[in-house]
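Sequence lines set the chain letters: A, B, ... in the order given, protein chains first and strands last, and positions in each chain run from 1. Values below: all heavy atoms of this structure, side chains included; hydrogens, waters and symmetry mates excluded.
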Amino acid sequence: MREKKLKNIFVNGAVSAQAIADSIQKHHSKTNIGAHSIFLGQVRADQIGEQQVTGINYTAYEEMALEKMYEIREAIFEKYELTCMHIHHSLGLVAAGEICLFVFTSSGHRKAAMQACDELVERIKAELPIWGKEILTDESHQWKENK
Amino acid sequence: MREKKLKNIFVNGAVSAQAIADSIQKHHSKTNIGAHSIFLGQVRADQIGEQQVTGINYTAYEEMALEKMYEIREAIFEKYELTCMHIHHSLGLVAAGEICLFVFTSSGHRKAAMQACDELVERIKAELPIWGKEILTDESHQWKENK
Amino acid sequence: MKVEILLFGRLTELLGQSRLQLEDMADTNSVSKRLLDQYPALQHIRYQIAVNQEIIHGNKPLTDGMTVALMPPFSGG
Amino acid sequence: MKVEILLFGRLTELLGQSRLQLEDMADTNSVSKRLLDQYPALQHIRYQIAVNQEIIHGNKPLTDGMTVALMPPFSGG
């Protein structure tokens, strides 16, 4: 078995705007980068009958998600000319209006970063074993399902 | 002539990571948003023969750029179901490694924000009367051209 | 021969636990059948099965110490 | 009859100014011709023309007070 380094993608609770800024800031020293593409998933206060979503509680099959993410990361680096790629996903409760997913790709020219970011978002939603439990105003809940 | 409100897109010098964070932060109160898509253009320290690009000095035909941006903005809001759209472009000197373009779209579901962001970036580069003068290590310069 | 069963999402609610051990399970079909006998409401829930973190399709033989995860549709992001 | 000429990008260098006024210009072709006579290096530079902020194709008649912008290829973003 070849060695591989799994990178943790999970953060406890919401991804803060400050964490995003710090991540952007760190790339100012990489002067071969010409383009960054960022996707942020934000929890919506959807109306469910009489109730509203107040937050989503995320759980994951963490070991498998990190293995899968490793595989996706390798495939995307293979396919696009990227300089960097960063993924962060929340675990635990994220309130409506807060960020639960942060996908960040960088490249010399814009197409690679943009296409890689799009593909990452699709694959993360379809392939990572993560579950969101929507918490409603009356403290009942329902399980989210990605379409 | 109908009334129209031109929004300024120009900022003096680089767009800071902090300004981006502040902009993201402001959207936490909009709980109908489920997805944000962000594109950042960063100045590359390209090698030009013996020289390197140390920065780009941007100038624009500002009045026309804002008129054109108004037109593009209207067309994009017409075409995609967006909740918001923010565009910032630098004027003056932006050092290599710094951000010169910030495009930010938000929507309920991810496709609209992602596609609108991509289309905005393409149209901004192709249609806005903005010129970048690349400043080289020896203080000579050359005029950039978008492909 | 023991296998470890991991449950996720709504399955943790239905079974009241997120992890259990089963004995004498020759294959994944036996696991599904045993759990269905014990929790008939399982028939209403769609789930995929991963054995040692690999999603499987169809039936798969099990050996001692394997981990079988029952995973409802994902909803990350 | 006066029109205002705006210059951008490398054209400001070539002409040593970013703004000038020309008299008796009946159309945009006359503007191009007059500037080319004065600055022969212009023939090596591609540019688009905007009249009152609208990009034009071909020749366009001018009236008093119009603004004619000579714009090399854009390079924003």
Heavy-atom cut-off 4.5 Å, strictly under: side chain, backbone, both or neither for V121(A) against chain B? side chain
Apply side chain to side chain contact (heavy atoms under 4.5 Å, CB included) to D118(A) and D118(B), showing your working. CA-CA 10 Å; D118(A) 285 12; D118(B) 285 12; 3.8 Å; yes
Side chain, backbone, both or neither: which part of K26(B) has a non-hydrogen atom closer than 4.5 Å to chain A? neither
Sidechain-backbone polar pair: H28(A) side chain, G97(B) backbone, donor-acceptor under 3.5 Å: yes
Do Q42(B) and H36(A) have side-chain atoms, one donor and one acceptor, less than 3.5 Å apart? yes
Kindly indicate whether the side chain of I24(B), heavy atoms from C-beta on, has any atom under 4.5 Å from the side chain of L40(A). yes
Please list, in residue-number order, every residue in residues 10-19 of chain A that has a heavy atom less than 4.5 Å from any heavy atom of chain B; write 'none' if there are none. A17(A), Q18(A)
Which portion of I20(A) sits near chain B, non-hydrogen atoms under 4.5 angstrom: side chain
Pull out the residues in residues 46-68 of chain B that come under 4.5 Å of chain A, heavy atom to heavy atom, sorted by number. none
Between M114(B), E98(B), Q25(B), H27(B), which residue shows the highest count of heavy-atom pairs closer than 4.5 Å to chain A? M114(B)
Chain A shares the most heavy-atom pairs under 4.5 Å, among I99(B), I33(B), V103(B), with I33(B)
Honestly, the part of S29(A) sitting under 4.5 Å from a heavy atom of chain B is neither
Option that, when pairs with chain B are counted at under 4.5 Å, heavy atom only, ranks first among A35(A), S37(A), G34(A): G34(A)
Kindly indicate, with the supporting measurements, whether the criterion side chain to side chain contact (heavy atoms under 4.5 Å, CB included) is fulfilled by N32(A) and R44(B). CA-CA 5 Å; N32(A) 57 333; R44(B) 273 193 319 274; 5.6 Å; no
